Undergrad: 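One structure follows; several queries about it will come next.
Here is the naming used below: chain letters follow the sequence lines, and residue numbers restart at 1 for every chain. Every value quoted in this text rests on a predicted model; they were computed, and no experiment measured them.
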There are 2 protein chains.
Amino acid sequence: MSTISDQSSNDPEGRSRIQSRNRETILTAGREVFARHGLRGARLDEIAAHAGMSKPNLLYYFPRKQDIYAAVLEEVLMGWLMPLDALDPDGDPVEELRRYISAKMALSAEQPEASRLFAGEILAGAPHIERFLKTDLRQLVEKKAGTIRRWVDEGRLAPIDPYHLIFTIWATTQHYADFDVQIHAVLGKQAGRAGFHDQAAQAVLSIILKGVAPR
Amino acid sequence: MSTISDQSSNDPEGRSRIQSRNRETILTAGREVFARHGLRGARLDEIAAHAGMSKPNLLYYFPRKQDIYAAVLEEVLMGWLMPLDALDPDGDPVEELRRYISAKMALSAEQPEASRLFAGEILAGAPHIERFLKTDLRQLVEKKAGTIRRWVDEGRLAPIDPYHLIFTIWATTQHYADFDVQIHAVLGKQAGRAGFHDQAAQAVLSIILKGVAPR
DNA sequence: TCCGATTTTGACCAAACAGTCAAGTTTCCG
DNA sequence: CGGAAACTTGACTGTTTGGTCAAAATCGGA
């Protein structure tokens, strides 16, 4: 007999309503706390408090702290590859890059915790996503770098190293999520206003696409 | 009677040779460990091991963990302002930006731990450098943004928001220190080779100054 | 409504951890 | 040398923290 509910109200993964809801609550709480303090620095009590439940209850769903971290991390990695993968070799190079940069900027605005969690994992030496980085990500980047190189060879893009272009895009777009606190401190309320992220996206697009030197 | 040594071999701050050496050793060890795990995630035993001394000995020099963190952080902040402050309003805009970007890239290559420590503090919500960010840094950035805006108004730079330009430069240059592990995973040995950082600096300079759209 | 399965939690435990202390060892200088 | 100050550390303490457990509360289908 399975320990998993046999109720008719199961989700696609065979979880009861309560399980689905609580797992989601915990994952959200974990994302926030892990994003701030990393795996080591995060405390179960803190995550439990964020999730609004007792610590033993939390451990009923995820037996160990590391399990929450792994689950949260996996969710985040999912959304990481997609935008880059959408870079279309047959599209207009400048337009494709504009789309990619815009998509990453939107992600930074909508899911800053995801970006921060990822950043923290990298800062810690990426012990939990080493395989992902060296296989999936590396392979995808290699493929897209080939696309960009082709664009350069065809003269449809300025001569630039594809890898460093990708790194530059990652750096600038994620900066707005990861260094959010710094940006707010430097800009004041201005950074919180509606439309700020669109303005940031415009500036980043302008710099990367056209550069800052006068024409 | 002071507890501080009266020996003739004192450094400018009144510390004995042994004190100077050990404090430096601890600060270096602390920088490495705090850069990886943040204030919360770092363990005194780990720092002590890195420094090659016993934990009580370490605490003889810095009574609390937080004291090491504060000392390390202050050192790092020192080197943070300087390069930006060197941006000369009377110099050639493109040349000044080139100098600034190069200086930041060099810092990323030479002191990646410093950059990572700073990044971790920001990710954690910057509780220990809030004042620094909102006063010193903000003031300096305001001043330099004025310089850049003037350059733009004079037509010596493409029309771009000065703040976002500064953020873009911070993002790209620090990315090479903070995300070092990711870059290595994606590029393989290539990223470790001599000259890699010069190549990266060239690419970043080219993108920010000239952009990637074809001319 | 009833009953077994699921969910929740207060009380607890063991390990990890920051920090103390007193007793040793080394260093420095007269 | 000799002795006082500076330095070092093994053994320890109190607290925090991840995780356990058994009992209570709730849920959901028949």
Undergrad: Provide, to the nearest angstrom, the distance between the CD atom belonging to Q19(B) and the C1' atom belonging to dC28(C).
TA: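 Atom CD in Q19(B) sits about 14 Å away from atom C1' in dC28(C).
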Undergrad: Nearest whole Å is fine: how far is dA6(D) P from R21(B) CZ?
TA: 17 Å
Undergrad: Heavy atoms from C-beta onward define the side chain here; which of dT9(C), dA6(D), dA18(C) lies closest to that of M53(A)?
TA: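 When the side chain of M53(A) is considered, dT9(C) is the closest of dT9(C), dA6(D), dA18(C).
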Undergrad: For the residue pair V76(A) and E121(A), establish whether any side-chain heavy-atom pair is separated by less than 4.5 Å.
TA: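 With C-beta onward as the side chain, the pair stays apart.
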Undergrad: Nearest to the side chain of P56(B), heavy atoms from C-beta on, is which of dT20(C), dT7(C), dG18(D)?
TA: dT20(C)
Undergrad: Flag the pair E24(B) and R21(B) as a salt bridge only when some basic side-chain nitrogen lies within less than 4.0 angstrom of an acidic carboxylate oxygen.
TA: no
Undergrad: Can you check the R15(A) CZ to dT7(C) P distance for me, whole Å?
TA: 11 Å
Undergrad: Has Y60(A) got a side-chain N or O lying under 4.0 Å from the OP1 or OP2 atom of dT7(C)?
TA: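 Checking dT7(C) against Y60(A), a side-chain N or O does come within under 4.0 Å of OP1 or OP2.
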Undergrad: When you get a sec, tell me which of dA18(C), dT9(D), dC17(C) is the closest nucleotide to the side chain of N57(B)?
TA: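 Within the option list, the nearest is dT9(D).
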Undergrad: Quick check for you: among dG19(C), dC7(D), dT7(C), whose closest atom lies nearest to any side-chain atom of N22(B)?
TA: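 My answer, after comparing the listed nucleotides, is dC7(D).
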Undergrad: E32(B) pairs by side-chain hydrogen bond (donor to acceptor under 3.5 Å, both in side chains) with which of H37(B), H50(B), R116(B)?
TA: H50(B)
Undergrad: Using heavy atoms to find the nearest nucleotide of DNA chain C for I18(B) and R43(B) separately, return the residue whose nucleotide is more 5′.
TA: R43(B)
Undergrad: Scan F62(A) against the nucleic acid and name what it touches under 4.0 Å (heavy atoms): base, sugar-phosphate only, or nothing.
TA: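 Nothing: the residue F62(A), judged by heavy atoms under 4.0 Å, touches no strand.
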Undergrad: L44(B) has an atom CG; how far is it from atom C1' of dT9(D), in whole Å?
TA: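 L44(B) atom CG is separated from dT9(D) atom C1' by 15 Å.
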Undergrad: Do E46(A) and R40(B) meet the salt-bridge criterion of a basic N to acidic O distance under 4.0 Å?
TA: yes
Undergrad: Are any of R17(B)'s side-chain N or O atoms less than 4.0 Å away from OP1 or OP2 of dT27(C)?
TA: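 Indeed not, no polar side-chain atom of R17(B) lies that close.
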Undergrad: Ignoring hydrogens and angles, answer whether the base of dG18(D) and the side-chain atoms of K55(A) contain a donor-acceptor pair closer than 3.5 Å.
TA: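 Donor-acceptor pair under 3.5 Å: yes.
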Undergrad: At under 4.0 Å between heavy atoms, what does A48(A) touch on the DNA or RNA strands: base, sugar-phosphate, or nothing?
TA: nothing
Undergrad: Any chance you could measure D85(A), atom CG, to L140(A), atom CG, to the nearest 0.5 Å?
TA: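 D85(A) atom CG to L140(A) atom CG measures 5.0 Å (nearest 0.5 Å).
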Undergrad: Between P on dA16(C) and NZ on K65(B), what's the gap in Å once rounded to a whole number?
TA: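 After rounding, the reported distance stands at 16 Å.
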Undergrad: Atom CZ of R40(A) to atom P of dA16(C): distance rounded to whole Å?
TA: 13 Å
Undergrad: Look at the side chain of L59(B) and decide which nucleotide, out of dT8(C), dT8(D), dG19(C), has an atom nearest to it.
TA: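 Closest nucleotide to the L59(B) side chain: dG19(C).
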Undergrad: What is the separation between atom CD on E46(B) and atom P on dA16(C), rounded to the nearest whole Å?
TA: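 Checked: the CD to P distance equals 14 Å.
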Undergrad: Separation of F34(B) atom CZ from dA18(C) atom P, in whole Å?
TA: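 From F34(B) CZ to dA18(C) P: 9 Å.
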Undergrad: Examine dT7(C): is either OP1 or OP2 under 4.0 Å from a nitrogen or oxygen in the side chain of S16(A)? Give yes or no.
TA: yes
